[in-house]
Number of protein chains: 2
Amino acid sequence: MTDEKNPSAGEKNPGAGAKAYDAIKAMILDGRLKPSASYLEAELAEWIGVSRTPVREAGLRLEREGLVKVRPRRGLLILPVSAEDMTEIYQLLTALEPLAAELAAERGLSAEQAKAMDNATTRMERALAEDNLVAWAEGDDEFHALLVEAAGNKRLIEATARYRTQVHRARMATLSLRPRPEQSTVDHRVLLDCLLKGDAKGARDVHVAHRQAAGQMLTELLAQHRLDNL
Amino acid sequence: MTDEKNPSAGEKNPGAGAKAYDAIKAMILDGRLKPSASYLEAELAEWIGVSRTPVREAGLRLEREGLVKVRPRRGLLILPVSAEDMTEIYQLLTALEPLAAELAAERGLSAEQAKAMDNATTRMERALAEDNLVAWAEGDDEFHALLVEAAGNKRLIEATARYRTQVHRARMATLSLRPRPEQSTVDHRVLLDCLLKGDAKGARDVHVAHRQAAGQMLTELLAQHRLDNL
DNA sequence: AATGGAAATAACGTATGCATTGATGTGTAC
DNA sequence: GTACACATCAATGCATACGTTATTTCCATT
């Protein structure tokens, strides 16, 4: 027999719950579900092709992740990211990611990790030279993900991933408004050097400055452009 | 008319979902559900008096909170806290709570907050004098909760609450094994003074030392007593 | 015309039913 | 006696059905 043992659908291996979660999250992050708008469980279920049960599951999960609010009879409210959210999140990232840098430096990078981070940094440098801001942001995201992975603290990975997800839309919206991220790109290279040298204190200090600058720049940008709800 | 508008039950106001979550969480934290043991959704549902749906919801939530693991056909596995978990969590708390102390000092305490924190500190001092370790731990917990609330960062509140929940069982188990928490109690009083004076840097430094000492003491204690799974 | 109330509607929260799938136990063959 | 395969069983994951409740609309009354 072929490998299709189920007559219903073709590609639902990870389960309907994960499918609903991934679909809704993706729709929020790329803007197909608009901030401050509401969507009923039933309509989301129809769009995704599952029943209300996994949609409800996904809604509760996304609520605890800070992306939506489930309101009793009005569906899922897509939460916009406010200036206050940005402040909160950058305060946390400024505490958490320098810890990751410190731990990663103490622990040392594996050959694969070093290669991957160097790769991501190079992609950022190249993307910046080509003025490809989207590619730059992707490299930046990957670098930070690799950094916290290298720290080897699973809870730290989970927490930072959550907060980076929450600011994703604001970062994308401000990409073309912000000045070219020259210093930010250099910071990554410097940080990587510290990690390779095992300079924990240096890594921490560099990254504190990096995150503080990024947070301040973003919040100022949002205030300047009156972008209070993304 | 009286305030009972619903003829069905007497105390299910917060909903069955919350009831299941609270019940299971409480049973885990006080040990009625044993670490490394598994419990089927159906039996939990029966004990609690709800259907499987809210139990399943609670299970998923507790899984993302790090208290259980849902295993496909074997029910909810109650996760023990390992030495590695303690290390991870204290690394995070050592980064997060000093941030809270710093922010709270900058922001200043309201009269109620100051009173509540002083109250909690006094209770700890009194409990220590009376050798009532359980009361001491309760005061300690409340102090730390008040501290992060005073920082005014909602995500910080949520994150630290989660991690404190995860170490709860280990803290309780080691209460009677650890030396009398003299220094720890003094630390709280000193920290509170810094907060009242608005000394952000002092508050941060005191609390870093406080958390580092606590984390080191606990992990050493667990290693000493071979308590790898609580 | 405006306001208040009651009925209808619609959405969620919970319960239940069903099918899929891993675990378990038994029987047979080597 | 052991090992492998097949059949039975049980528990989950998902779908669906039901009851509760907020919201909305419509009508009557002022």
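Letters A, B, ... are given to chains in the order of the sequence lines, protein chains preceding strands, and every chain is numbered from 1. In what follows, every heavy atom counts, from backbone to side chain, and hydrogens, waters and symmetry copies are set aside.
Under a cut-off of 6.0 angstrom, the local environment of CZ in R74(A) is sparse, with at most 12 non-hydrogen atoms contributed by other residues, nucleotides or ligands. Atom CD of E43(A) sits in a crowded spot, with more than 12 heavy atoms from other residues, nucleotides or ligands closer than 6.0 Å. Within 6.0 Å of atom CD in E46(A), 12 or fewer heavy atoms from other residues, nucleotides or ligands are found, so the atom counts as exposed in its surroundings.
A donor-acceptor contact under 3.5 angstrom links the side chains of S82(A) and D85(A), judged on distance only.
Counting any heavy atom pair closer than 4.0 Å across all strands shown, R56(B) reaches sugar-phosphate atoms only and no base atom.
The side chain of E41(B) lies closest to dT12(D), out of dA15(D), dT12(D), dC12(C). With distances taken from any side-chain atom of R52(A) to the nucleotides dT14(C), dA11(C), dC14(D), the minimum falls on dT14(C).
Residues from residues 67-79 of chain B lying near DNA chain C, meaning a heavy-atom separation below 4.0 Å, are R73(B), R74(B) in numerical order.
Atom CD in E57(A) sits about 14 Å away from atom C1' in dG13(C), given to the nearest Å. The nearest whole Å value for the distance from the CG atom in L60(B) to the C1' atom in dC14(D) is 13 Å. Protein atom CD of E43(A) is 14 Å distant from nucleotide atom C1' of dC12(C), rounded to whole Å. We find that OH of Y39(B) is positioned 14 Å from P of dT12(D), with the value rounded to whole Å. Taking atom CD on E46(B) and atom P on dA15(C), their separation rounds to 13 Å, with Å as the unit.
Heavy atoms only, all atoms of each residue included: P54(A) and A20(A) are closest at O-CB, 3.8 Å.
Note on ring orientation: taking the six-membered ring where Trp is involved, the planes of H144(A) and H210(A) are parallel (angle under 30°, cut-offs 30° and 60°).
Using a distance-only test at 3.5 Å, with no hydrogens or angles considered, a donor-acceptor pair links the side chain of Q166(B) to the main chain of E65(B). E88(A) places a side-chain N or O within 3.5 Å of a backbone atom of K154(B) that can act as its donor or acceptor partner.
The phosphate of dA15(D) has OP1 or OP2 within less than 4.0 Å of a side-chain N or O from S51(A).
The shortest distance between side-chain heavy atoms of V148(A) and R164(A) falls below 4.5 Å.
Rounded to 10°, the angle separating the first-five-pair axis and the last-five-pair axis of the helix from dA1(C)-dT30(D) to dC30(C)-dG1(D) equals 0°.
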